[in-house]
Amino acid sequence: HGRPDCRRPNPEPMQNGEAMSPDLQDSRGPPGDEENQGAVPSAPPLPQEPSPCPRPKLVFHAQLAHGSPTGRIQGFTNVRELYAKIAEVFDVSASEILFCTLNSHKVDMQKLLGGQIGLEDFIFAHVRGETKEVEVIKTEDALGLTITDNGAGYAFIKRIKEGSTIDRIKTVCVGDHIEAINDQSIVGCRHYEVAKMLKEQSRGTPFTLRLVEPKKAFDMIGQRTRAPKSSEGKMVSGKETLRLRSKGSATLEEIPSEFEDKAIKKVDDLLESYMGIRDLELATTIVEAGRNKKNPDDFAEALDSVLGDFGFPDVFLFDVWGAMGDVKNGRI
């Protein structure tokens, strides 16, 4: 079997350099001056070329997680462009950035930058640290790993199940980027592809994982971070967030409603149980596809049009449809 095609499409270009910003309100003044009714009307002004409305620049503050001065990041419309801007500001290669967390320099998977950034959020970029190789022997069907990815070609470990095969290998940590399986590079693969490759490893046969851990600040050395059992958190601040998409431009959006937030978390749980991945952006896209759909067939068709590459099994779709219905009707 050949290696899956893990190449990612090129991100769409920004429109006018600031596609993620909302248009400002119309800058023209009021239509008439009611107080000067008795004044002699003057000649109408000469027509002028309409000037495009300026777009406000969104500026985010960022640091390298292991320690750096604060930099100002702006002008990005997707995750790849965000990493490129961070790399430019801190004079590192974009390929050095493993993932970002919001409002914490620690490897805290509850504060992982996913598909949304609150307008007041502070970004911490975690860069490549030491590389390590571990030999794993699968003693049960599941390794006990949950995989996610950074939206720019790097899959990494988001959760380690207590008492699992991986949990017994103490050098493997949450936040480690999986760079290769048996010396086969998986850079560029999505999380679900990596989870599938790990699932397909034979029981009882040793295989090798090449891992890259995030560079640690002095106060993080010696920690083995484990994600808590509670569902993933999403850091937002204010009324709006910047929604980042793997395809297309970012947009300013209202914070999801309580119903949508619950549904997104439930779908994220189902992604973990069915596919061994967690991905709040993907869960958000799935919930949006189900918005205003009357039945599971319409939902499946809508989902296939935006996420056909995933090839979700029917049983997963029915469970997602049922979970969204449960949330909507207050059963969850």
| task | Give the minimum heavy-atom separation between C100 and Y83, together with the two atoms involved. | result | SG-CE1, 3.7 Å
| Does H177 have any ring-ring contact (aromatic ring centres under 6.0 Å, His included) partners at least two apart in sequence or in another chain, and if so, which? | Y154
| field | K196 atom NZ, over 12 foreign heavy atoms within 6.0 Å | value | no
| Point-to-point distance, once rounded to the nearest 0.5 Å, from CG of D149 to CD of E193 | 9.0 Å
| message | For the CG atom on N295, are there more than 12 heavy atoms of other groups (residues, nucleotides or ligands in this structure) within a distance under 6.0 Å? | response | yes
| query | Sequence neighbours excluded, which residues qualify as ring-ring contact (aromatic ring centres under 6.0 Å, His included) partners of F316? | reply | Y274, F312
| request: Rounded to the nearest 0.5 Å, what's the gap from CD on E81 to CD1 on I73? Could you check? | output: 13.0 Å
| Is any NZ, NE, NH1 or NH2 atom of the basic residue among D261 and K265 found under 4.0 Å from an Asp or Glu carboxylate oxygen of the other? | yes
| message | Counting C-beta onward and ignoring hydrogens, is there a side-chain heavy-atom pair between L211 and V134 closer than 4.5 Å? | response | yes
| Should the heavy atoms of other residues, nucleotides or ligands under 6.0 Å from CD of E130 be counted, would the total exceed 12? | no
| request: Please determine, by modelled atom types, if Q63 and T70 share a side-chain donor-acceptor pair under 3.5 angstrom. | output: yes
| task | Could you please spell out the steps behind the salt bridge (Lys or Arg N to Asp or Glu O under 4.0 Å) verdict for R210 and D183? | result | CA-CA 7 Å; R210 185 162 76 240; D183 290 328; 3.7 Å; yes
| How many angstroms lie between atom OG1 of T165 and atom CD of Q201, to the nearest 0.5 angstrom? | 12.5 Å
| message | Using the rule that Ile, Leu, Val, Met, Phe, Trp and Tyr join whenever any side-chain heavy atoms are under 4.5 Å apart, tell me whether V107 and F124 fall into a single cluster. | response | no
| Going through the checks in order, is the salt bridge (Lys or Arg N to Asp or Glu O under 4.0 Å) test met by R291 and E260? | CA-CA 9 Å; R291 195 181 284 158; E260 285 181 329; 2.4 Å; yes
| message | Any non-hydrogen side-chain atom of L271 less than 4.5 Å from a side-chain atom of R278? | response | no
| task | Without swapping roles, check the side chain of E96 against the backbone of S93 for a donor-acceptor pair under 3.5 Å. | result | no
| task | Taking atom types as modelled, find out whether T208 and E133 have a side-chain donor-acceptor pair closer than 3.5 angstrom. | result | no
| task | Can you spot which of Q110, H126, K111 makes a side-chain hydrogen bond (donor to acceptor under 3.5 Å, both in side chains) with T101? | result | H126
| query | So if you build clusters from Ile, Leu, Val, Met, Phe, Trp, Tyr with side-chain heavy-atom gaps below 4.5 Å, do V212 and V92 land together? | reply | no
| Any side-chain heavy-atom pair of M324 and D326 under 4.5 Å | no
| field | Non-hydrogen side-chain atoms of R128 and L98 separated by less than 4.5 Å | value | yes
| request: Apply salt bridge (Lys or Arg N to Asp or Glu O under 4.0 Å) to the pair K158 and E272, showing each step before the final yes or no. | output: CA-CA 10 Å; K158 188 165 188 181; E272 181 172 36; over 6 Å; no
| said: For F318, is the CZ atom crowded, meaning more than 12 foreign heavy atoms sit under 6.0 Å from it? | reply: no
| query | Tell me, do V172 and V136 make a side-chain contact under 4.5 Å, heavy atoms counted? | reply | no
| query | Between N103 and D121, is there a donor-acceptor pair closer than 3.5 Å when you use the side chain of the first and the backbone of the second? | reply | no
| message | Are L58 and Q74 packed together at the side-chain level, in the sense that at least one heavy-atom pair is separated by less than 4.5 angstrom? | response | no
